[in-house]
Amino acid sequence: MTIASDVKQCVSSLKGVEAGLSSLALRTQDDESKRTLHETMLVVNEIMKDVQKRVSELEREEPQYKGF
């Protein structure tokens, strides 16, 4: 597995974590837990954006990884 595919797999995993946190936030009844889950989801989203930027950089630097 290449570095680019590892990084893309990381993005996919982060999307799953974000979706899971969102789902939990919607289902919980406790307002404090809901707020904490939402804040954590936002942090994961920012990290995901940073990793996606890295994917773009990798694809620019190594065109053979584009689309994998």
Side-chain angles (χ1 to χ4, degrees):
M1 190 173 266
T2 66
I3 295 296
S5 60
D6 285 345
V7 175
K8 288 178 183 182
Q9 179 61 45
C10 182
V11 171
S12 295
S13 296
L14 288 167
K15 285 180 182 180
V17 169
E18 182 184 31
L21 289 168
S22 177
S23 176
L24 286 170
L26 291 172
R27 292 184 308 178
T28 190
Q29 301 297 317
D30 181 58
D31 287 338
E32 184 178 346
S33 295
K34 190 175 290 226
R35 186 172 35 260
T36 301
L37 288 164
H38 182 72
E39 289 171 1
T40 305
M41 182 189 72
L42 294 174
V43 170
V44 170
N45 183 272
E46 288 301 312
I47 293 167
M48 185 177 60
K49 286 179 185 177
D50 289 343
V51 176
Q52 284 175 323
K53 286 179 190 175
R54 184 62 185 136
V55 168
S56 296
E57 291 170 6
L58 284 169
E59 288 177 341
R60 255 191 325 278
E61 293 169 6
E62 303 290 341
Q64 71 268 23
Y65 296 139
K66 193 168 189 108
F68 281 94

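Just so you know, residue 1 is the first one in the sequence shown, and it goes up from there. A quick note: this is a predicted structure, and the numbers were derived from the prediction, not measured.
Nearest heavy atom pair, residue Leu14 against residue Met48, reads CD1-CA, 3.8 Å.
Interatomic distance, CD of Glu59 versus NZ of Lys8, reported as 4.0 Å (0.5 Å rounding). Separation of atoms NE2 (His38) and OG (Ser33) is listed at 14.5 Å; rounding is to 0.5 Å. The structure places CD1 of Ile3 at 11.5 Å from SG of Cys10, a figure rounded to the nearest 0.5 Å. Note that CD1 of Ile47 and CG of Leu42 are 11.0 Å apart. Values are rounded to the nearest 0.5 Å. Taken from OG1 in Thr40 to CZ in Arg35, the straight-line distance is 12.0 Å, to the nearest 0.5 Å.
Ion pair Lys49/Glu46 flagged as a salt bridge, since at least one NZ, NE, NH1 or NH2 atom sits closer than 4.0 Å to an Asp/Glu carboxylate oxygen. The residues Glu57 and Arg54 are annotated as salt-bridged, a charged nitrogen and a carboxylate oxygen being separated by less than 4.0 angstrom.
Under the 3.5 Å distance criterion, the side-chain polar atoms of Ser23 are left unmatched by any main-chain donor or acceptor of Ala19. Panel note: side chain Ser22, backbone Glu18; no donor-acceptor pair is recorded below 3.5 Å.
Under the rule for a side-chain contact (heavy atoms from CB on, under 4.5 Å), Asp31 has no partner lying at least two apart in sequence or in another chain. Every residue meeting the side-chain contact (heavy atoms from CB on, under 4.5 Å) condition with Val17, not counting sequence neighbours, appears here in chain and number order: Leu21, Val44.
Taking a 6.0 Å sphere around CD of Glu61, one finds it holds more than 12 heavy atoms contributed by other residues, nucleotides or ligands.
In this structure, Asn45 and Met41 have side chains that are not in contact, with every pair of non-hydrogen atoms separated by 4.5 Å or more.
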